[in-house]
2 protein chains.
Amino acid sequence: MTEQGATTFQHEVLAAVFTIGRDLHGFASLKVLLWQRAQWPDAGRWALPGGAVRLDETVDDSMSRQLAEKVDLAGVSHLEQLGVFSAPDRVPAGPGRPARVIATGFLGLVPSGVTPSLPEDTDWETVDRLSPIALDHGRIIDRAHDRLRAKVSYTNLAFGLAPAEFTLAELAGIYRAVLGHDIDPSNLQRVLGRRGMIETVGRTAPPGASGGRPAALYRFTTADLTVTDPFAAFRPPS
Amino acid sequence: MTEQGATTFQHEVLAAVFTIGRDLHGFASLKVLLWQRAQWPDAGRWALPGGAVRLDETVDDSMSRQLAEKVDLAGVSHLEQLGVFSAPDRVPAGPGRPARVIATGFLGLVPSGVTPSLPEDTDWETVDRLSPIALDHGRIIDRAHDRLRAKVSYTNLAFGLAPAEFTLAELAGIYRAVLGHDIDPSNLQRVLGRRGMIETVGRTAPPGASGGRPAALYRFTTADLTVTDPFAAFRPPS
DNA sequence: GTAGTTATCGACCTGTAGTCGAAAACTACC
DNA sequence: GGTAGTTTTCGACTACAGGTCGATAACTAC
C-alpha cells in the first residue's frame, strides 16, 4: 500500500441525450443530440456533447453544466450515469492533448416537443441511421440505448420522453420508437394504468384531420422520475 | 470549446466484494471483503480494497489487478462497474495526497465455500452489522448491495455466489442472505427451472445428521454470467 | 416397524400481460 | 339527416408466471 506518485488523468463527461422526433413519414423516431467536430481527431464526424471535468465539481454537476451549453437544461428531464469508458487509446494523444482521458458516460432524456434552440454545429440525429461517430462515442450511444430500452419496460422512465399531456396513441409511438417494435395502445393503457403510472387529464385531444374518435389526454402521475420496478419473482412473503 | 489546460485527477478503483458465509447460528450470511486502514485518514476503520489506476490500464483491468493482491482472482466469479463517486471532498487533501481523487466503484462476487487465504489486515465482515466505514466506502457498499438485490431476482447473478453444486435449500439460503427475507425452496426450483437457469446433477448430497430425505444436487446451466432478464411487459408481438 | 425429519412434487389460486373484437365518438360526403 | 370511414376505448378471453400449501417420497434414529 505504498502511496503512488501522482498518476493523474484528465476526466471528461459525455452524454447520449435522446428525444422523440418525427421521421420522413411522420412516425415517432428516436433521436440523439450530436455536434459536428471541427478539429482533429475525427474532424467532421458527429460527437457527443460533453467536456472536461473541473476541479471543484462532481462528474454529475459537470455533465449538467456542459449540457447547458448545448440545450436548455430545463428541458433535460432525466440524466443518469452509464459507466466509465477508460480504454487507454480511446482518445489519441496529440499536440496539446493529454495522453489519456477517462470518460464518464451518461444517458439523458428530453421530452418530445421540447425542441430548444441549438448551436450551429449541433443537431438531433436519427439513432437508426447514424453516420460514423467520433472516437468511442458510438459505444456510449449503444450502451445508452440499451439502458433506455431496458428501463422503459419496467420503470416509468418513458416519462422523460413524453410531453406533459399525451394521448395513448402518442405514448405507444414513443414506446415503439424506443423499443423498435409495435406496442398495442390498448395493452399499454391497462398495464401503465394498473401500475399507477398514468392517469387521465379529463380532457380530449382535438380530433385529427382524418376523423375518428377524439383521444383522451393522459399524464404521468409521478412528477419525479422515481423508478418503480415491479419485479415479480422472489418477493417477501405476505 | 476551448481546450482547457490540463485539469487532472487521480483515479482510484474500489470494489465491494460479497460472498456467503455463516452467522453465529450457522445460517447463510452476506459478507463483504474489507481491510483495516493503518494510516490517516480514518485510520483503524474498515475500507474497501482498491487503489490508484495506472497509466496503461482500463479501470476494469486495474480493479482486477488490485483485487488479486487481496484474494485469489480465480475465486472472483463476477465483477461489474457500479458508478463513479466524485464528490470533491470525498477524500480529504493532506500531506503527500492529491486534492481530489475520483473513484470508480465495482460490485464483485466470490462463490460460497471459496474462502481463499487473506492478508493480515483483511477479512470478510457481515454486511448487516458493519462498524463505521472509512471515507465514502459505506455508500459504495450500499449501492453494491442494492444492485445485487435487484439483479439476483431477475438474472442468474446468484451463480456468482453459489458453489459449483448445491441443494435447493442451500440456494434458498443464499437468496435469503442477499434479499433479507425467506424464500420458498419449492418455488425457487420451479422459477429457476422454468427459466432454464438450473439443472439437476443427478446425484444427491449426503444426508444430514438429523435425518431426512437426501437433497438432489443442482448446478447453474450457464457457466458464464450472461444476464438473462425476463421482463414481462411490452414484448415484441408474436 | 414406527416416529421424526427433510426434500420433492403437484394442485390450486392470483395477478399480469398479449390478443381480438365490439362499441363509442368523431369527420366527410352525399 | 343519413351513411360510410376512421380512430379510440373497453371488455372478454387466453396464456403464463409465481405464491401457497398439502400430500408424498426418502432418509435416520430408536
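Convention: sequence-line order gives letters A, B, ...; per-chain numbering from 1. Quantities reported herein were computed from a predicted structural model and do not represent experimental measurements.
Across the protein-nucleic acid pair, A:L188 atom CG and C:dT16 atom P stand 16 Å apart, rounded to whole Å. Spacing between atom NE2 of B:H181 and atom P of D:dG18 amounts to 14 Å, rounded to whole angstrom units. The CZ-P distance, from B:R195 to D:dA17, rounds to 10 Å in whole Å. The CG-P distance, from B:L168 to C:dA7, rounds to 9 Å in whole Å. To the nearest angstrom, P of D:dA12 lies 12 Å from CZ of A:R190. Distance, B:R213 CZ to C:dA7 C1': 5 Å, rounded to whole Å. Atom C1' of nucleotide C:dA7 and atom CD1 of B:I198 are separated by 14 Å, given to the nearest angstrom. As a whole-Å value, the separation of A:M197 CE from C:dA17 C1' is 14 Å.
Nearest to the side chain of A:A215, among D:dC27, D:dT9, C:dC9, sits D:dT9. Comparing D:dT20, C:dC9, C:dA7 by their nearest atom to the side chain of B:Y218 picks out C:dC9. Relative to the side chain of A:P214, the nucleotides D:dC21, C:dC26, D:dT9 differ in distance, and C:dC26 lies closest. Taking only side-chain atoms of B:Q189, from C-beta outward, the nucleotide of C:dA25, C:dC9, C:dC20 with the closest atom is C:dC9.
The residue A:S186 sits close to a base: some heavy atom pair falls under 4.0 Å.
Under 4.0 Å is where a charged nitrogen must lie from a carboxylate oxygen, and between B:R139 and B:D142 no such pair does.
A:T19 and A:K31 share no side-chain donor-acceptor pair at under 3.5 Å. For the residue pair B:S29 / B:D128, no side-chain donor-acceptor distance below 3.5 Å is found, with atom types taken as modelled.
Side-chain N/O atoms of B:R194 include one lying less than 4.0 angstrom from OP1 or OP2 on D:dG18.
Ring geometry for B:H145 versus B:F18: interplanar angle of 30 to 60°, hence tilted.
Under a 3.5 Å cut-off, the side chain of B:W35 and the backbone N or O of B:L48 do form a donor-acceptor pair.
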